[in-house]
A.B. asks: 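Attaching a single structure in structure tokens format; questions to follow.
All figures in this text were calculated on a predicted structure; none of them were measured in a lab. Within every chain, numbering begins at 1; the chains are lettered A, B, ... in the order of the sequence lines, protein sequences first and strands thereafter.
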There are 2 protein chains.
Amino acid sequence: MTWSKNHPRQRYHHGNLREALINAALKLIGEKGPAGFTFAEAARSAGVSAAAPYRHFRDRDELMADVACRGFEQLAEGLETAWSAGAPDALAAFDRMGRAYLAFARAEPAYYAAMFESQVPPDASPELTKASDAAFEVLRHAAEAVCALMPATARPPALMVALHVWSVAHGIASLFGRGDMARRKLPMEPEELLEAAVLVYLQGLGLGPDR
Amino acid sequence: MTWSKNHPRQRYHHGNLREALINAALKLIGEKGPAGFTFAEAARSAGVSAAAPYRHFRDRDELMADVACRGFEQLAEGLETAWSAGAPDALAAFDRMGRAYLAFARAEPAYYAAMFESQVPPDASPELTKASDAAFEVLRHAAEAVCALMPATARPPALMVALHVWSVAHGIASLFGRGDMARRKLPMEPEELLEAAVLVYLQGLGLGPDR
DNA sequence: CGATGATGTAAGACCCGTTCACATGACCTG
DNA sequence: CAGGTCATGTGAACGGGTCTTACATCATCG
């Protein structure tokens, strides 16, 4: 039994190294942040030599970009679920989406870090650009439904609304939702802070819930 | 003249190494991002050995934190100047502050990166915490002046307003104001996007400019 | 069975962060 | 001015990381 360790790869070939590396990356990023994540350690954690990962990723950044890509896909899925076709009404669904964004940042810090804190440029790969655009598209679509509630004469551009909401949600998540500035003492939970911001903002657009 | 190079330090002691390292760090961060910045290269750029910086900073992170600290001081100064005692009126001054935030992110990418993208925890040093708090305090003070425009019966907490505005400004700066997601095609300049967001938001608070 | 291509390994070049013993020299003190 | 002291800088060395290159293994298919 001398060969038995945690995951004693006996076969020369791993069989599923690409996925194993991505999982290792996710675990490591979650534990030590995107900067602490190391190609070599991911390899070690998968039980292969330090050179093996280069058969599956051009370099460390490409792995990071792949993780970020999957993160955007998960985020899009989460937002889509929260929106759930705008039921029961667009405003309630919109609010759920905001919470879903913060929930994602909190529940998947590794994905979130890879997506936004890893220095990976958004155009690192076509897939990444596409995944990120797709996630935004979910929000944009919701914004369109919300804008449709307003009289056509005073209807703001849905794209602008989507950008505003994305920005404030991202700002809150970055500043207060996680490690970064999380130490700043908030008078409320990030979720409440975001909900209040969106409520005030929609009110400013003439979409008060009490009209 | 064999000893003449760029800045041929002839004296054994540099004389002002601390400042030289900080300047080198700023230049390098600006050129290659906070991740690309290297203690060794800063030392090289200052013309000293790789071990010399350790006489002035405990480690690389402490240098980064020092840069971030100066960044917050500069930001606070910029916001204070933009606010300029709330003249001619609080709303106009508030708008200037938002623009000043984005201007800072654009004009000082090295500082901005050290402050928000360098993985330096906000409590890395007491000075950093203090500088960051001071910058926020400027915004908070302005928010208080803006809230004072409203009837006391319908006055929102100034802290909340400050947090909302800081969040949306930071979100826009992070997502669209610089390298990160700057590639996303915006229908407007970040400054206009922020101004519109704040206008809608203040309107939602009952502070329409046309009342 | 034998060739071939995908996948993994070993070793090494090069860089970084960090430490340690030692060198230099600014400055103070007698 | 002599000598001591302390801050500051040097060189060498360690451990670890990225990435490349030459070689090993093995699944697959003619």
A.B. asks: Which is true for A/R44 with a 4.0 Å heavy-atom rule: it touches a base, it touches only sugar-phosphate, or it touches nothing?
C.D. replies: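 Touches sugar-phosphate only.
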A.B. asks: Looking at the side chain of B/H56, which of D/dT8, D/dC19, C/dT9 is the nearest nucleotide?
C.D. replies: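 Among D/dT8, D/dC19, C/dT9, the one nearest the side chain of B/H56 is D/dT8.
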A.B. asks: Taking only the side-chain heavy atoms of B/A51 (C-beta and beyond), determine which of C/dG17, C/dT18, D/dT10 contains the nearest atom.
C.D. replies: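 The closest nucleotide is D/dT10.
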A.B. asks: Without decimals, in angstroms, what is the distance between B/L63 CG and C/dT18 P?
C.D. replies: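 It works out to 11 Å between those atoms.
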A.B. asks: To the nearest Å, give me how far apart CZ (B/F57) and C1' (D/dG9) are.
C.D. replies: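 Atom-to-atom, B/F57 to D/dG9, this comes out as 15 Å.
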A.B. asks: The side chain of A/F39 is closest to which nucleotide in this list: C/dC16, D/dG9, D/dT18?
C.D. replies: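 Nearest to the side chain of A/F39 among the choices is D/dT18.
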A.B. asks: Between P on C/dA6 and CG on A/N16, what's the gap in Å once rounded to a whole number?
C.D. replies: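 From A/N16 CG to C/dA6 P: 18 Å.
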A.B. asks: If each of B/A52 and A/R58 is mapped to the nucleotide of DNA chain D with the nearest heavy atom, which maps nearer the 5' terminus, i.e. the 5' end?
C.D. replies: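 The answer here is B/A52.
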A.B. asks: Want to settle it: does B/D59 or B/R55 sit nearer the 5' end of DNA chain C, counting the closest nucleotide to each?
C.D. replies: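 On the 5' side of the pair lies B/D59.
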A.B. asks: Quick one: B/M64 CE to C/dC16 P, roughly how many Å, whole number?
C.D. replies: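 Checked: the CE to P distance equals 14 Å.
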A.B. asks: Take atom CG of B/L21 and atom C1' of D/dG9, then tell me their distance rounded to the nearest Å.
C.D. replies: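 In whole Å, D/dG9 C1' lies 12 Å from B/L21 CG.
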A.B. asks: Using whole Å, what does the distance between atom P of nucleotide C/dG25 and atom NE2 of B/H14 come to?
C.D. replies: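 In whole Å, C/dG25 P lies 16 Å from B/H14 NE2.
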A.B. asks: Taking the ring centre of each residue, are A/F72 and A/Y112 less than 6.0 Å apart?
C.D. replies: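 So the answer is no for these two rings.
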A.B. asks: Regarding A/R140 and A/E137, does a basic nitrogen lie under 4.0 Å from an acidic carboxylate oxygen?
C.D. replies: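 So A/R140 pairs with A/E137 through a salt bridge.
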A.B. asks: Give B/S49 one of three labels, base, sugar-phosphate or nothing, depending on what nucleic acid heavy atoms sit under 4.0 Å from its own.
C.D. replies: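 Base, at least one base heavy atom under 4.0 Å.
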A.B. asks: Against B/Y101, only a single residue in B/R96, B/H170, B/R106 fulfils side-chain hydrogen bond (donor to acceptor under 3.5 Å, both in side chains); can you say which?
C.D. replies: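 It is B/H170, the one option of B/R96, B/H170, B/R106 that forms the side-chain hydrogen bond (donor to acceptor under 3.5 Å, both in side chains) with B/Y101.
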A.B. asks: When we call it a touch if two heavy atoms are under 4.0 Å apart, what does A/A50 touch: a base, just sugar-phosphate, or nothing?
C.D. replies: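 Nothing: the residue A/A50, judged by heavy atoms under 4.0 Å, touches no strand.
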A.B. asks: Within this structure, what is the CD-to-P distance between B/E62 and C/dG17, rounded to whole angstrom?
C.D. replies: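 Computing the B/E62:CD to C/dG17:P distance gives 15 Å.
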A.B. asks: Taking CG from B/L17 and C1' from D/dT10, how many angstroms apart are they, rounded to a whole number?
C.D. replies: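 In whole Å, D/dT10 C1' lies 13 Å from B/L17 CG.
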A.B. asks: Any chance NE2 of A/H56 has more than 12 other-residue heavy atoms, nucleotides or ligands included, within less than 6.0 Å?
C.D. replies: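 Enclosed.
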A.B. asks: Looking at C/dG8, D/dG9, C/dC16, which one has an atom nearest to any side-chain atom of B/T38?
C.D. replies: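 Looking only at heavy atoms from C-beta outward on B/T38, the closest nucleotide is C/dC16.
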A.B. asks: If you look at every strand shown and take non-hydrogen atoms under 4.0 Å, does B/A40 touch a base, only sugar-phosphate, or nothing?
C.D. replies: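 Counting heavy atoms under 4.0 Å across all strands, the contact made by B/A40 is with sugar-phosphate only.
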A.B. asks: Taking the six-membered ring for Trp, is the centroid-to-centroid distance between B/F39 and B/Y54 below 6.0 Å?
C.D. replies: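 B/F39 vs B/Y54: aromatic centres under 6.0 Å.
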A.B. asks: Which is true for B/Y54 with a 4.0 Å heavy-atom rule: it touches a base, it touches only sugar-phosphate, or it touches nothing?
C.D. replies: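 Contact class for B/Y54: base.
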